[in-house]
Every structure is written in structure tokens, then in C-alpha cells.
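Computation of the quantities below employed the complete heavy-atom set of this structure, encompassing side-chain atoms and omitting hydrogens, waters and symmetry-equivalent molecules. Convention: sequence-line order gives letters A, B, ...; per-chain numbering from 1.
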Amino acid sequence: MLPLADISTNIGSLPLKNPTMLASGIMDEDAGSMKRIIKCGAGAIVTKSIGLQPREGYPNPTLIELEYGILNAMGLPNPGIDEFGEEILQLKKSKTPIIGSIYGANAKEFIELGQKMEDYGVSAIELNLSCPHAKRYGLEVGSDPKLIQIITSSVKVNVKIPVFVKLSPNATNISEIAKAAESGNADAIVAINSVKAMKIDLDLKRPILSNKIGGYSGRAIKPIGVRCVYEIAEHVDIPIIGVGGILSGEDAIEYMMAGASAIQIGAGVYYRELDIFKKIKKEIEQWMDKHSYKKISDIVGVAHL
Amino acid sequence: MNIPKITKILEVKNEVKDIKTITFNHPEGVDPGQFFMIWIPGVDEIPMSVSYIDKDVKGITFRKVGDATSALYKLKKEDRIGIRGPYGNGFELQGNHILFVGGGTGVATLAPAVEYVVKNKSSATVIIGAKTKNELFFEDRLEKCGVTILISTDDGSKGFKGSATDLAQDILKKENFDSVLTCGPEVMMKILLDSTTIPFQASLERYMKCAIGLCGQCCIGEGLRVCIDGPIFDGKTLKNIQDFGVYRRDSAGRKVRF
Ligand SMILES: Cc1cc2nc3c(=O)[nH]c(=O)nc-3n(C[C@H](O)[C@H](O)[C@H](O)COP(=O)(O)OP(=O)(O)OC[C@H]3O[C@@H](n4cnc5c(N)ncnc54)[C@H](O)[C@@H]3O)c2cc1C
Ligand SMILES: Cc1cc2nc3c(=O)[nH]c(=O)nc-3n(C[C@H](O)[C@H](O)[C@H](O)COP(=O)(O)O)c2cc1C
Ligand code: FES
């Protein structure tokens, strides 16, 4: 039987054929990898976070598997915005939206990066204001509401495409920060980035990651992500994109009920292979058919009582 | 679970100048062509092909080229390292008569495959290529298993004077093989691929971080992950990968031409 449910969705003015997006930092540092993920059914691709200068990232170990998730401190490796242009240009013909993720230390850097991404032809920009482990970037920028508002509004007035703001669960005041992004005219909120965490090896008596502290993702962080999306939805009117521990269609539905119009998948690529996008799409359709939902927007936010 | 397991080095063996073999306990199965991530605590974690496969013991053989391999080179019996893996696909070892072409430390990756093939009653010819005589290793080990060994050195100090590829092209004209398996400098492997029509497999090296297919650091072509879809690729696949023999990427994801 053909599914009755329509799983297309919108993030503000950006239409998506389906709500599954590739999260930043997973198989998205070169054009070839992004093409493969598009073939695996993703509704949109978010690129690796790109800065002004090339960055090698931290020495290995940079990523390990724990019982209930993945711990990483890659250290924002990226080829720099100028060299990255070549990768985006190769995706010009793609019908699937490409969203350029960028990180910077201040508004000026974010503006330059945003303008370059727009010139390369991306459909939207995601401001990574939430990397849990890169000094000077991410959290240090992303837990100050005033700074978030300034950065968001500065990028907004300098580009025409939609601007999403990705937030950290490590800040204590996530809804206040989301409100600051909204008042800076953000088009959507993305939540959450990975959760600060650590793993110590008992034999060697030392943290395993070279950076010591990393960001936790996967199954373990889903309840944290769902809570963040729920809280943000109570405080802002712009669309929310849910991320964190989504491994199945039901996980995606849970985020939608909390208030997400679309979802992103990171660690899930490890647990359910690259075609997790196709799998989750199908599971969302099946769930909607079974529960007589015809469109995504009917589910978004239903858990707010 | 993909997390380094701490183990003590069982044995350290000097092969030739700058090349050592380290063995450690690892009772789980490993296939020829697969690799481990080796953690040298406080320094780095790097990919290394399995070079010895015994029931309970496995080994790696490496050349000192930079920080991590120099630190590994200094370690002694009983020192602790972290191991995770094995990773990757390994060689497909079929055919009655196989040509192996190893350049430099590539011979370390091929050695367990040669031993496997011989154990399964196939015959093999192994070309070992090096810059000069003093850099040749594993000759005795492979001789013991009864395969034909041919040596090439760039300076002609032993065997054929020239590259392993030149020698392989010569042999392929004279003799019929069911397949060619190679590991060595990528430009060399590309020349070999372009000069033969028989089934072909090559072991590739790319900068690796996660080794479990998430970070995208090791990708070639259209999203092929060397850590999972490789490191062994067949000739048909390689012909469609524009990176092969042309460029790799550094730790920042920048293209570096060979
Ligand atoms: C699947 C695979 C199997 C390998 N098997 C062997 C082997 O059996 N024997 C052997 O001697 N070498 C092998 N190598 C190469 C080995 O990993 C590098 O020589 C080693 O990482 C160098 O580290 P370094 O810090 O000493 O040198 P550096 O000075 O840091 O680098 C020297 C070279 O090694 C590369 N390199 C550094 N770190 C990594 C990394 N994390 N992943 C991949 N390349 C890296 C650099 O790009 C550079 O080209 C293999 C590589 C791969 C990908
Ligand atoms: C290997 C890895 C690299 C990541 N790199 C980035 C990055 O560059 N920028 C970013 O905004 N988030 C990055 N993240 C965070 C993810 O985009 C995502 O927010 C987080 O992993 C939670 O989702 P998940 O549980 O589905 O993985 C990375 C995550 C992982 C596992
Ligand atoms: S090393 Fe991370 S995907 Fe291969």
C-alpha cells in the first residue's frame, strides 16, 4: 500500500522533501561524501562547520564509542572557507538543499563566512555557536545571549538566504539564548549540539581523547535534546530543527511532538548505516499512516499541553 | 566496542633500519588487509595494517616517519599501547595463481595475505620493491612459505633495477595470473592498474580519525570511506575514483597532490 502521509516539511521559507537532514560534521567535508548522503535519501545536507582559516583539528584519539553514544573532540578540522568553495560548487546541480555551517570568533568573521557561503550557492546558513570543545569558538560565543543576538543580526543583514542558529545544551539558559537568536532575526533554531563529556581509561588513568573533554552524541543524549527543543518551543515562534540521538522514525516523531519541524541525524549514521535517512523516512510514514496523520505540521508541537 | 583496549607489547623486532615489528595479544580474528588503530598514549592514534596473524597474537610493522611512528619506535616490550579494530574489508583472496606487488612498507600489508594464499594451496609470485637493498624486509619470511620472490630496487643494489611496477609489467607479459594484489606508493599502484586488465586489488592509505565511518576524513570518490568500504578497493572501483593516484587529503581536508 502506498503511504498516505505527506512527509514534506518547511523550515520557514525553505521547503524540504522530507524532514531528515544530515547533521554537521558527519561525512560532509567534501562534495563526494555529500553526494552519497543525498543518494541515501537525506532531505537536506548541513556541511561540516567551516572557518576562515584551515584547521587540522586535534590529534587522535578524536572519537570513541561508549556504551550509549559516541564521544568526539575532532577540534573543528576543515579546509577553510576559500578551499571549501570548490566542494560546494560541485553540488550546484543538487536539488537537495545544502546548508553551509560556519564557525567564527566574532560577528565580523561570521559575516565574511556567511557571505562566501551565499556566493557559493548554499540554500541557507547554520551558525555553529555551540561547539563544546573548540577554544575561542563555540560555547564561549554561544552562551552569551547578547553576543548571539549581535552575531545573528549581523549575518542576517548581510545575506539574503535563511540563517539558522545552532545551540548548545551546555549553556544553562538555552531558551533565553534561543530568544536572543530570534530577536536577531534568525530564521530557525537548531538544537542540540553534542553534550560536554569525558571518558577516562582506568589502566592508564588518563582521559582517552587528546583534548580530554569531548562532545557526547547518540542515544544517550536524546532526552536532553527533546527537553531543549520543548523548552525552546515554549519561548520562540520561529521553526526548530531537532538534533541529538535520533536513530529511528519514532525518535524523530518525539522531537516533532516537542516542537521540531525537521530533524538532523549524526551518530545515527554509525548505528544504522548511511541509508538511515531512507529508513527513518519510511518509519515516519508508517507511524503517520498508523496514527492517521496526513502531514508533518499536524504533529509539530502537539506535546505542549 | 570501538574504544582503545590497553595491551602490553609482547615483542619488538628490528626488521631493517627504521622499520620495526610490534606484536601484542589479540585473540579475535583478523583478515589479511585489515588494519588497527594504534594509540600511543599522549602522542597520537594511527592506522596500521596487520602484518602478523597468529591465533592469539597479532602484529604490525611500521616505518619511522614522524611523531607517532617515532614514539612507537621507542617503545619496548611490556610498554602499553591502545588497540582498536580490526577495521576495513581485507583482501578477497581467490584465484590459483596470484601476483603480489609490494612497494616500501606495503610489503607488511601483503605478507599475511601471501601466507594465507599459500596455506590454501594457491601459488603466488611476490615482488618486493624498495629504494635500496638495505631497506628490503620480509624476504626471508616470505621465502619460507615457498613462493617465488622477485626483488626490485630503485638503485639496482639488488635484483631488478627500477620500480616494482616496471618489474610487474615485465612479469605480467610473460606469465598468466588470476589476479594482482598491491600495496605501496599510490602513484605506483595507479600505473600498475592502468597497465593490466586482470582482476586487481589495491590497499589505499588516507588520513584517518574515527575509523568507523562517521567523520568523513578518509573519503575518496563519491563518499567511499577508506576506513570501512576500503582500505582494499578493486580495479573497477578505482577506475571510477578520480582521486586515485592524483590527490589525498591532509588532516584539515585540504587536497594534497601526490
Ligand atoms: C589503512 C592504513 C594502513 C597503514 N598501514 C601501515 C603499515 O602497515 N606500516 C606503516 O609503516 N605505515 C602504515 N600506514 C601509514 C601510517 O599510518 C603513517 O605512516 C603514520 O600515521 C604516520 O604518523 P606520524 O605521526 O609518525 O607521521 P606524520 O609526520 O604525522 O605523518 C607522516 C605521513 O603519515 C600520514 N598520517 C599521519 N597521521 C595519519 C593518520 N591518522 N591516518 C593516516 N595517515 C596519517 C600523514 O598524512 C603523512 O603523509 C597505514 C595507513 C593507513 C591509512
Ligand atoms: C564526528 C562528529 C563531528 C561533528 N562536527 C560538528 C561540526 O563541525 N559542527 C556542528 O555544528 N556540529 C558537529 N557535530 C555535532 C552534530 O552535528 C550533532 O549536533 C550531535 O552529534 C548530536 O546529534 P547526534 O546524536 O545525532 O549525533 C559533530 C558530531 C560528531 C559525532
Ligand atoms: S576515518 Fe572517519 S570516516 Fe573514515
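- Proximity to chain B (any heavy atom under 4.5 Å) is shown, for A/D203, by both the backbone and the side chain.
- Only the side chain of A/K39 comes within contact range of chain B, judged by heavy atoms closer than 4.5 Å.
- Enclosure of atom CD in B/E222 by more than 12 non-hydrogen atoms of other residues, nucleotides or ligands within 6.0 angstrom is indicated.
- Contact count versus chain B (heavy atoms, under 4.5 Å) is highest, among A/K48, A/K35, A/E67, A/R36, for A/R36.
- Residue-environment remark: OH (A/Y68) stays at or below the threshold of 12 foreign heavy atoms within 6.0 Å.
- Taking both residues in full, the closest heavy atoms of A/P59 and B/V43 are given as CB-O, 4.1 Å, listed atom of the first, atom of the second, then distance.
- A 6.0 Å sphere centred on CD of A/Q90 holds more than 12 heavy atoms belonging to other residues, nucleotides or ligands.
- Using a 4.5 Å cut-off on side-chain heavy atoms (C-beta onward), A/M74 and B/Q217 make no contact.
- Nearest heavy-atom pair, B/L214 versus A/G266, reported as atom, atom and distance to 0.1 Å: CD2-O, 3.8 Å.
- Here the shortest heavy-atom pairing between A/D30 and B/C219 reads OD1-CB, 3.8 Å.
- Put simply, CD on B/E45 and OG1 on A/T62 are 7.0 Å apart, with the number rounded to the nearest 0.5 Å.
- Within the 4.5 Å cutoff, no side-chain heavy atoms of A/E65 are placed close to those of B/I3.
- In this structure, B/Y52 places its OH atom where more than 12 heavy-atom neighbours from other residues, nucleotides or ligands lie under 6.0 Å away.
- In this structure, B/S251 contributes its side chain and A/E56 its backbone to a donor-acceptor pair below 3.5 Å.
- Annotation for A/L204 and B/P41: closest pair CD1-CG, 3.4 Å, computed over non-hydrogen atoms.
- Atom CZ of A/R219 has 12 or fewer heavy atoms from other residues, nucleotides or ligands within 6.0 Å.
- The environment of B/K239 atom NZ is dense: over 12 non-hydrogen atoms of other residues, nucleotides or ligands sit within 6.0 angstrom.
- For the atom pair A/L274 CG and B/D229 CG, the distance stands at 7.5 Å (nearest 0.5 Å).
- With rounding to the nearest 0.5 angstrom, the CH2 atom of B/W39 is 8.0 Å from the CD1 atom of A/I64.
- Proximity to chain A is absent for every atom of B/I220, based on heavy atoms less than 4.5 angstrom apart.
- Heavy atoms closer than 4.5 Å to chain B are found nowhere in A/L71, neither backbone nor side chain.
- A distance of 7.5 Å separates CD in A/E83 from CZ in B/R249, rounded to the nearest 0.5 Å.
- Contacts of B/M208 with chain A are made by backbone atoms alone, with heavy-atom separations under 4.5 Å and no side-chain atom involved.
- Taking the side chain as every heavy atom from C-beta outward, A/I70 and B/I212 approach each other to under 4.5 Å.
- At a 4.5 Å heavy-atom cutoff, A/I37 makes no contact with chain B through either its backbone or its side chain.
- For the set A/I26, A/N60, A/D201, A/V269, the entry with the most heavy-atom pairs within less than 4.5 Å of chain B is A/N60.
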- prompt: What's the verdict on side chain to side chain contact (heavy atoms under 4.5 Å, CB included) for A/L202 and B/I6, showing C-alpha distance, side-chain angles and the deciding distance?
  reply: CA-CA 9 Å; A/L202 299 191; B/I6 305 306; over 6 Å; no
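- Contact of the A/E273 side chain with the B/I228 side chain is not registered, since no non-hydrogen atoms from C-beta on lie closer than 4.5 Å.
- Only the side chain of A/E87 has a heavy atom closer than 4.5 Å to any heavy atom of chain B.
- Within the 4.5 angstrom heavy-atom criterion, only side-chain atoms of B/R80, from C-beta onward, approach chain A.
- To the nearest 0.5 Å, the span separating CG on A/L63 from SG on B/C215 amounts to 7.0 Å.
- Taking 4.0 Å as the cut-off between side-chain N and carboxylate O, B/K255 and A/E86 count as a salt-bridged pair.
- Ranked by non-hydrogen atom pairs under 4.5 Å with chain B, the options A/S33, A/P61, A/P77 are led by A/P61.
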